[in-house]
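Each chain gets a letter, A, B and so on, in the order the sequences are listed, and its residues count up from 1. A quick note: this is a predicted structure, and the numbers were derived from the prediction, not measured.
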2 protein chains.
Amino acid sequence: MKEKNVTIRDVAKHLGVSIATVSRAISQPDRVSKKSLERVQKAVNELGYRPNLLSQNFRYKRSNTLIVLIPNIENLFFSQLIRGIESVAQQAGFNVLLGDTQDSPERELNYINLVETQQADGIIQLATFNPEFSIIPSTKIPLVSAGGSANTPYPTIRIDNIHAAADIARHLIALEHTEFAVITGLKNDQNTHERLKGFCDTLLDHSLSLPDTRIYSGDYSLASGYENGLRIIAKPESQRPSAIFCFNDEMAMGACKAIREAGLNIPEDISVIGFDGLQIGEYNEPALTTIMQPGRSLGEQAARYILQWIDGDKPDYNDVIVEHQLLIRQSCDKHKVK
Amino acid sequence: MKEKNVTIRDVAKHLGVSIATVSRAISQPDRVSKKSLERVQKAVNELGYRPNLLSQNFRYKRSNTLIVLIPNIENLFFSQLIRGIESVAQQAGFNVLLGDTQDSPERELNYINLVETQQADGIIQLATFNPEFSIIPSTKIPLVSAGGSANTPYPTIRIDNIHAAADIARHLIALEHTEFAVITGLKNDQNTHERLKGFCDTLLDHSLSLPDTRIYSGDYSLASGYENGLRIIAKPESQRPSAIFCFNDEMAMGACKAIREAGLNIPEDISVIGFDGLQIGEYNEPALTTIMQPGRSLGEQAARYILQWIDGDKPDYNDVIVEHQLLIRQSCDKHKVK
DNA sequence: GATTGTATGGTAACCGGTTACATTTTGCGT
DNA sequence: ACGCAAAATGTAACCGGTTACCATACAATC
C-alpha cells in the first residue's frame, strides 16, 4: 500500500550523478553547472522528488517548530494571540504546535519535553504558568510568556495589568461610583493578583475600598461570570455594588446576562466593565466598556522574541510592556444616587 | 553558548557498554540484564540524557504530527473542533500543528507540503476546501474534513447541513413566518450552498419562497452579520422579513445588534436564528435559537479517523454524519400579523 | 563431556539528507 | 600545447538513534 518515497539517491541514480550534485543543485544552485542544474530540476519534477525534511531537521538539529501553550483554546483572547504568533512564525518558516494544557501540569510537562527532545525549538506560554503546580522549565529552554504578568523567571510580553486595573478604577470613580464588586480570574493566576492590586490600591488612593465580601472568584468563563452575577444580584438592593469589574470580557458578558435577566438595566442600574477588549464585547447588550489588550501585537512580539532567542541571540530585555487602552463603550455610566 | 546535548553514545561511553545496550535498556528493558538496566538508568539520570526524538522520527519515518487547517482561528466553532482533535491526538502521542490558512491557497499548499516532506503525517481540514482555489491534494495523503460538506474528494465528518437547514425552515414555518431573509457564509463555501438548498427546498415544499433580494452575502464574521442586519432593517417595514436565518451564530449576533439598535425587538418584531450552537449564543440578547453542531465530537471523530488512516488502515467509510440538534432559545417566536 | 538452548551484549548497517575534502574537468593565458 | 586556477563533481563521514545479525557465556539435558 505505502509506496516508498523518492529519495535523493533515486534522483542521483536516475541521472548517473552523485547525490552531492543533486543536493547542491537544490540548495546551492550556483555551486553546480547550468547543465546539471537543469537536468536535476527536470528529474526532480519527473520523479516527484520531495526532500525529506525530517532528515534535514535531524541533520540541522532544528525542528523549526514553536509550541504555544494555551490554558484554554476556547478563550477568544488567546485566539488573537495565536493569530499574531502564527503570522510571524509562518514568515520565518516556523511551524506552530498547539499545546492546549487545560491547566494540567502533566500536559505542560509533556510539551516541555518536546523541546528537551528537540522536537520543538521554543515555547510561548500564553498567560502565566500557574505557580502552584507549574513545572518551571530550565532557563536554557527558549521560553517566553505572552499576555501574562510580571515577576516570572522568564521573559514576558504583556500589558501593565496593575496600571490597567488602576485605569478602570479611576474611570469608575470618575463616574461617581463608590460601591464596587469584582469577579476575578483563577485564584492562583498572577493576572488576578495584579489586577486586584491595581484596582484596590487605586480605590484606597481615593479613600474608597473593596471589602472581601465583594470579591467574587471566577474562572474566566462565561458561565462563571453568569453565576457570580447572579450572586451579586441576589443581595438586597441596598447592599449591591453600583459597578462590577470583571477580570475578562467573557465573564463580563456572563454577568450582564444575569443582570438583564433580573430586570435591571446596564448601565443605568449597574455598571459593568470587562477586560481584554474582545471584538465580541461590542456585540454584547450593552456594548462592553473594557480594557483593550492588543492581542495580535502581543503575539507577534512574543514570536519575534522567541525566534531571536532560538537563533542564539537572546534579546537583552526581559519584560516588554505593550500599551493598553481603556475602551469606553456603553456598559458604564454615571452612578445615580437614588 | 549552546552546549551540546548528551547523546546515547555519551551514555554508552560513560558506562563502557555499547550503544545498543543503552538503546535496549530504554526501549526494551527485558532484553538486557537487570544489572545493566539499573546502571543505564542511573547514568541516564546523572548525565541528563534525553533521546533525540528528531532522530527517532527520522528513523521511523514518522513525525507523529497532525496538521489542522483552520480558515480562521478566531471563529469559535473551530475552537471546539480543535479541542476535540487535540484531546484525541494527545492521547495517541500525536502533536497538533496549527495551520491558520486565512483562506489563502498559498498557505494551504504550504501545509500540504509538510505532509509531502514528512514533517507531518496527516491533515484535518476544518470546513471544506474552497473549490475555487483549493489545491486538492493527492488522495494518498491522509486528509479528512471536519465540519464541512458532502461531495468532497476526501472523507468528511460532518452534520447533515441540508437537513439542519430544513429543520430551521420548518421551525420558522411552524412559527407562522412567511417572509424570510438569510445571511449566508462565503459565496464559494460548500456549507453555504447546502444550507441554502436545505432552507429553500423546504420553503418550496410549503409553497413559500426566498427571493434573491432576500439573500444577503456574509463572511461568517460578527461585522458582516451586523452590516447585513443594517441592510435588512433599512428597508421599509412592509418589505422587511419577519425572520432571518444566519448561517452561523456570530453573524446572528451581529444582526441582533443591528436590530436592537434600530429599536426593534427580537423576537417580537423579528426572529433571528443562527447556526453552530456556540455557547456564547446563550449570552446574546436575546439568547440565540440555533442549530447545535457537536463540535467537540466532530473533532474527536476526525482525529480518530485520520489516526487510523495514518496507521495504514484507512476506514472503509467516507462520510460520517453526526447528529445535529435544533436548540430553541429565545430569539425566535411566533410571527404576529399586524 | 558433548550438545543444545537461552540470555546477554557487541558490531555495524541503516534512515536521507548535508558538506568537508578530494578529485576531475574546464577555461584561460601564454 | 602546456600550466594552473577555478569550477564542477564525487566520495564518504556525519547527524543520533534502532535493530538485524552475530558472538559469547552459561545452564540444562542426555
Checklist line | d(CG, N57(A); P, dG17(C)) in whole Å | finding: 12 Å
Note to self: Can you see if the side chain of Q56(B) gets near the phosphate of dT18(D) - specifically, an N or O under 4.0 Å from OP1 or OP2?
What the structure shows: yes
Check: Can you check whether S36(A) has a side-chain N or O nearer than 4.0 Å to OP1 or OP2 of dT9(D)?
Finding: yes
Next item on the list: Check the geometry between Y60(B) and dT18(D) and answer yes if their rings are stacked (centres below 5.5 Å, planes below 30°), otherwise no.
Entry: no
Next item on the list: Using a 4.0 Å heavy-atom cut-off across all strands, classify L53(A) as base, sugar-phosphate, or nothing.
Entry: nothing
Next item on the list: Just do the side-chain hydrogen bond (donor to acceptor under 3.5 Å, both in side chains) check on Y111(B) and N95(A) with the steps written out, would you?
Entry: CA-CA 9 Å; Y111(B) 286 108; N95(A) 297 313; 5.5 Å; no
Margin query: So, does S55(A) get its side chain near the phosphate of dG17(C), meaning an N or O under 4.0 Å from OP1 or OP2?
Written below: no
Note to self: Does anything in residues 24-34 of chain B come within less than 4.0 Å of DNA chain C? Heavy atoms only, and list the residues if so.
What the structure shows: R24(B), R31(B), V32(B), S33(B)
Item checked: Distance, rounded to the nearest Å, where D10(A) contributes CG and dC15(C) contributes C1' -> 13 Å
Next item on the list: State, with a plain yes or no, whether a side-chain heavy atom of E116(B) is found less than 4.5 Å away from one of I141(B).
Entry: yes
Notebook entry, point to check: Going by an N to O cut-off under 4.0 Å, is there a salt bridge joining D319(A) and R158(A)?
Noted result: yes
Margin query: By the 4.0 Å heavy-atom rule, please label L54(B) as base, sugar-phosphate, or nothing.
Written below: nothing
Note to self: Can you measure R9(B) atom CZ to dG17(D) atom P for me and round it to whole angstrom units?
What the structure shows: 8 Å
Check: Side-chain donor-acceptor pair under 3.5 Å between S149(B) and N191(B), yes or no?
Finding: yes
Notebook entry, point to check: Quick one: K61(A) NZ to dG16(C) P, roughly how many Å, whole number?
Noted result: 20 Å
Next item on the list: Go through the side-chain N and O atoms of T101(B) and S104(B) and say whether any donor and acceptor fall under 3.5 Å apart.
Entry: no
Notebook entry, point to check: Contact class for T21(A) vs. all strands (heavy atom < 4.0 Å): base, sugar-phosphate, or nothing?
Noted result: sugar-phosphate
Note to self: Between the base of dG16(C) and the side chain of R59(A), is there a donor and acceptor pair under 3.5 angstrom?
What the structure shows: no
Note to self: In this structure, how many angstroms lie between the P atom of dC14(C) and the CZ atom of F58(A), rounded?
What the structure shows: 16 Å
Check: Would Q102(A) and N72(A) count as having a side-chain donor-acceptor pair, cut-off 3.5 Å?
Finding: no
Note to self: Under 6.0 Å between ring centres: does that hold for Y317(B) and Y305(B)?
What the structure shows: yes
